[in-house]
Amino acid sequence: AHAYTALPAEVQPAARTLLTSRPAWCLAFLQLVDSGAVPRGTVPPSTATLLRDHADQAVAALAGKLLAPPAARPQVRAEIVRLRAVIAAAPGDAYRGESLFLARCAACHTLFQKGGRIGPDLTAYQREDLGTLLPSVVDPGAEIREGFAAQLVTTTDGRTLTGFLADQDAAAIVLRGLDGQNISVARSDIRDQHPVPASLMPEGLLTGLTEQELRDFFAYLRIPQPITR
């Protein structure tokens, strides 16, 4: 578990999937969160929910202490109002915003052929409408797009797996995790399976951005066609 913090950011989702698959490893991961080695804001809401609701009482108790549920909705509304004012105050630079998108979103989302395919492709999304866009970024768990609700699967050998249901048939299901990897699980090995009432999108996506960086970021998110250089 202690090697987790030394891993490159692009590898950490796969490591986190592994570390949260067994109770003893869950506790080791939570101890990293408790020590500050893993910032709480980097733990995706779905992972936090999985840990808070874990069947192991020690895991659930420590997760309940360390990983509080998402912010109350009045705080979400206040943040959306603030962002609207910031975006309206001055123009943003989509060229600079592209690098922010690639650093913060492209591991999971595609926009104009750039990015990953873990979450929804944003290209055809209603990106120009801030009334739709801002809540999706600030409060991603409020409305989860069809086909992208996470599944929590507990296996007969004690593993706990989370991911999107990428495929299924009478014999097995295939989960796609935040690391982008598919895991096939035989139905005969599944002890329990149910949806996770949380988005896989991490909290704090906009944390640390200056007001101009916020304008640049949303300028890129709202572009109607690909950037050409």
Side-chain angles (χ1 to χ4, degrees), residues 7-14 16 38-48 69-150 164 176-180 198-229:
L7 293 173
E10 62 271 19
V11 178
Q12 288 187 355
R16 189 168 55 242
V38 174
R40 301 182 191 194
T42 65
V43 181
S46 62
T47 301
R73 292 203 59 80
Q75 293 172 274
V76 170
R77 288 195 292 270
E79 176 63 2
I80 289 173
V81 169
R82 183 187 77 86
L83 288 171
R84 276 187 174 276
V86 168
I87 293 168
D93 185 325
Y95 287 90
R96 290 199 301 260
E98 181 183 27
S99 63
L100 295 170
F101 173 85
L102 293 176
R104 294 181 178 238
C105 307
C108 295
H109 292 288
T110 295
L111 181 56
F112 294 120
Q113 307 302 317
K114 293 182 180 180
R117 300 190 181 277
I118 297 173
D121 186 332
L122 302 180
T123 307
Y125 193 61
Q126 293 176 293
R127 293 176 290 106
E128 177 59 29
D129 180 10
L130 286 178
T132 300
L133 185 60
L134 288 176
S136 298
V137 174
V138 177
D139 190 16
E143 183 178 353
I144 300 173
R145 296 186 72 180
E146 184 177 355
F148 290 93
F164 301 120
R176 186 190 309 120
L178 269 183
D179 54 4
S199 170
L200 290 181
M201 185 170 162
E203 298 175 32
L205 177 69
L206 306 178
T207 300
L209 295 183
T210 66
E211 290 192 351
Q212 186 56 51
E213 285 174 333
L214 286 169
R215 287 189 282 266
D216 297 342
F217 176 75
F218 282 101
Y220 179 71
L221 272 186
R222 300 169 76 193
I223 57 172
Q225 57 190 14
I227 284 180
T228 55
R229 298 182 184 275

Q: Out of Leu133, Leu130, Leu214, which one pairs with Ile87 under the side-chain contact (heavy atoms from CB on, under 4.5 Å) rule?
A: Leu130
Q: Using only atom types and a distance under 3.5 Å, with no angle test, would you say the side chain of Arg215 pairs donor to acceptor with the backbone of Val86?
A: yes
Q: Output, in order, the C-alpha distance, side-chain angles, deciding distance and verdict of side chain to side chain contact (heavy atoms under 4.5 Å, CB included) for Phe218 and Leu206.
A: CA-CA 11 Å; Phe218 282 101; Leu206 306 178; 4.1 Å; yes
Q: Output the distance between atom OG (Ser136) and atom CG (Leu205), rounded to the nearest 0.5 Å.
A: 11.5 Å
Q: Report yes or no: does Gln212 contribute a side-chain atom to a donor-acceptor pair with the main-chain N or O of Pro91 at less than 3.5 Å?
A: yes
Q: Show your reasoning for whether side chain to side chain contact (heavy atoms under 4.5 Å, CB included) applies to Leu122 and Thr110.
A: CA-CA 6 Å; Leu122 302 180; Thr110 295; over 6 Å; no
Q: Quick check against the 3.5 Å criterion: does Thr132 have a side-chain atom that pairs as donor or acceptor with the backbone of Gln126?
A: no
Q: Give the intermediate values and the outcome of salt bridge (charged side-chain N to carboxylate O under 4.0 Å, His left out) for residues Glu213 and Arg96.
A: CA-CA 8 Å; Glu213 285 174 333; Arg96 290 199 301 260; over 6 Å; no
Q: Arg222: what forms a salt bridge (charged side-chain N to carboxylate O under 4.0 Å, His left out) with it, not counting sequence neighbours?
A: Glu128
Q: What I want to check is whether the side chains of Ser99 and Tyr220 have a donor and an acceptor closer together than 3.5 Å.
A: no
Q: Return the minimal non-hydrogen interatomic distance between Arg104 and Thr207, and the atom names on each side.
A: NH1-O, 3.0 Å
Q: If I compare all heavy atoms of Arg127 with all of Ile223, which pair ends up nearest, and what's the gap?
A: NH1-O, 2.8 Å
Q: Rounded to the nearest 0.5 Å, how far does CG of Leu111 lie from CZ of Phe101?
A: 5.0 Å
Q: Is a side-chain N or O of Thr47 found less than 3.5 angstrom from the main chain of Val43, in a donor-acceptor match?
A: no
Q: Could I get the full list of side chain to side chain donor-acceptor pair (under 3.5 Å) partners for Arg82, not counting sequence neighbours?
A: Glu79
Q: Could you give me the CA-CA distance, side-chain angles and deciding distance for Asp216 and Tyr95, then say whether side chain to side chain contact (heavy atoms under 4.5 Å, CB included) is met?
A: CA-CA 8 Å; Asp216 297 342; Tyr95 287 90; over 6 Å; no
